[in-house]
Amino acid sequence: MKKTLLLACAALAVAAFADQASAQSTGSVRVIGAVSPVGAIRWWDWTPTNTETGTNTAPTQNAPLDFTIDLSELAAGLNFDTYAGGNVTAILRSNESYRLFGEVTSSTGFGSSAAGDLELADVGFGILNLTNSGAATKVFGDPAGDASLTAGFGNDPNLAPKDVDEEPLWNPNYATLQDIASVTQVMAGPRISNRGGNNSPNNGLLVDFGFAVGPQYYTPVANFEAVVEFTMATP
Amino acid sequence: MDFQEEEGASRMADRRTFEARGCARRLFAGCPPNRFLRFGALLLAPIAWFVCCSPPAFGNGDFDLLIIVSDADLPLDWQSTGGEIEEVPRGTSLGTIDLSELSTANPGTFATAELRIAIYSPSGFIPRYRIRARLDTHSPSGAGDVELDDFGMGVVDIVAVSPSVGRIWNYDPATVGKNVDDEPEFLGTLDDLNSGLGGRELYRTRQTFNGAWNYFTLVLAVGPQFYTPDPFYPVNLELTLQTY
């Protein structure tokens, strides 16, 4: 029995020695990166007021916003609608609080009211229908409820009343393109997106950019065009 | 590691093999006549034989994990020991994986980086081994922050004999699909290293490799998302090579 125990001890000792002889080497890897403040404005949808047409350059949701609205005929004797216009739905995303700016960066075909021309002040503009997108599972808090719109930019211009001359009564509740002739803050809010990417339907703030023109006896013009650029900035 | 030390390791291995045989002989020579005791001795003999006659092991410091500076520096034939490999630094710091921009300001599908790591044995052969990984530092995440499970990790391009890669590490994280919210569907992530004190095994070899070099590539990937733009905390990953 003693010998067996001795043999067992010897075997265990050999096993222990073998364990100690196994080699080990360690090294460390450092993983670094950065998360910058970022915001995004993408195209989502379009709703004409009547039969106006509109297309985004890339006609898929979440494509960069590059939308053209064709208001078509604006002469009162030819267009009998109350307003010609429509709502362009965009989806905003940000990982920080943001400010949204609008600016008419270029315009052609507009003139002065003194000459009877269509002018920038005839094109009503507003931001409306703020909604947390999709199932809202990836938004941060309530970005739709917590957003704040600059005075005058929060109403639907297609619903603006008109005066006796059938001219829209924009002031003081409705803004026009004249109000964003230079860079102007139109909206601000807290962080919108709680993770998720640019293709997520659940991490954005849907907003409608509404445009409207009341048909009148403007001076005839073959073509007019205004480009409105929106910029999101993190504070 | 110079030539002298290689010779020393080889001699030590020979001596241990000899001692193992001697030990086994003594086991049988000293067997008692009692049937029970003889049975016990016979039971222990193969254990001792297995332990002593297993492939020779090395003392600490005989292996190193090395970083290969870049793939472009590798010789065309990875299994040859080109001069350029000899020049790379050896030590505990294997390097830094810089994933750069992780917000959606990064237009790529993934922010990804890879590190080619070499295993070197100055003795000219590598016994079977396992590579384990664990996190030695990390910070807790807040709401909307980038988290450990946002870092997909995989092991690819292993040059070794019969490598067996852990199921969740056997993929390239920069090629996985994403869900509807643009979140990658990774298999293994850094978060999987966060459980267990010893970390997780990435892969192991099952046979002795007759050569001085093995290689593997560690790939990390993050899907750019609207993470909180907090200052990014570095993650330290510790890799351990263990012969067995």
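By convention in this document, chain letters (A, B, ...) are assigned in the order of the sequence lines, proteins followed by strands, and residues within each chain are numbered from 1.
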(request) Under 4.5 Å heavy-atom distance to chain B, tell me which part of A:S94 shows up: side chain, backbone, both or neither. (result) backbone
(message) Can you tell me how far apart OG (A:S28) and CG (B:L135) are? Round to the nearest 0.5 Å.
(response) 12.0 Å
(request) State, yes or no, whether a side-chain contact exists between B:L99 and A:V31 at a heavy-atom distance under 4.5 Å. (result) yes
(request) Taking the side chain as every heavy atom from C-beta outward, state whether A:V38 and B:F226 have any pair of such atoms under 4.5 Å apart. (result) yes
(message) I need the minimum non-hydrogen distance between B:P229 and A:P37, along with the two atoms involved.
(response) CB-N, 3.6 Å
(message) Within the structure provided, determine whether B:N236 and A:V29 are in side-chain contact (heavy-atom separation under 4.5 Å).
(response) no
(request) Please flag which part of B:S100 lies under 4.5 Å from any non-hydrogen atom of chain A: side chain, backbone, both or neither. (result) backbone
(request) Quick one: pull up CG in B:D182 and NZ in A:K138 and give me the separation to the nearest 0.5 Å. (result) 10.5 Å
(message) Is the shortest side-chain heavy-atom distance between A:N95 and B:Y227 below 4.5 Å?
(response) no
(message) Shorter than 4.5 Å, heavy atoms on both sides: which option in A:N194, A:N203, A:N199 has the most such pairs with chain B?
(response) A:N199
(message) Using a strict threshold of under 4.0 Å (side-chain N to carboxylate O), is an ion pair present between B:D150 and A:R195?
(response) yes
(message) How about CZ on B:R130, more than 12 heavy atoms from neighbouring residues, nucleotides or ligands closer than 6.0 Å, or not?
(response) yes
(message) Determine whether B:Q225 and A:V35 satisfy the following criterion, side chain to side chain contact (heavy atoms under 4.5 Å, CB included), listing intermediate values before the conclusion.
(response) CA-CA 9 Å; B:Q225 292 184 53; A:V35 180; over 6 Å; no
(message) Is the shortest side-chain heavy-atom distance between A:P201 and B:D181 below 4.5 Å?
(response) yes
(request) Taking the side chain as every heavy atom from C-beta outward, state whether B:S103 and A:S36 have any atom pair closer than 4.5 Å. (result) yes
(message) Return the OG to CD distance between A:S200 and B:E183, rounded to the nearest 0.5 Å.
(response) 7.5 Å
(request) Sort out for me which of B:K178, B:E238, B:E101 touches chain A most, counting heavy-atom pairs under 4.5 Å. (result) B:E101
(request) Begin from the C-alpha positions of A:I32 and B:I97 and carry the test side chain to side chain contact (heavy atoms under 4.5 Å, CB included) through to its verdict. (result) CA-CA 6 Å; A:I32 60 171; B:I97 292 181; over 6 Å; no
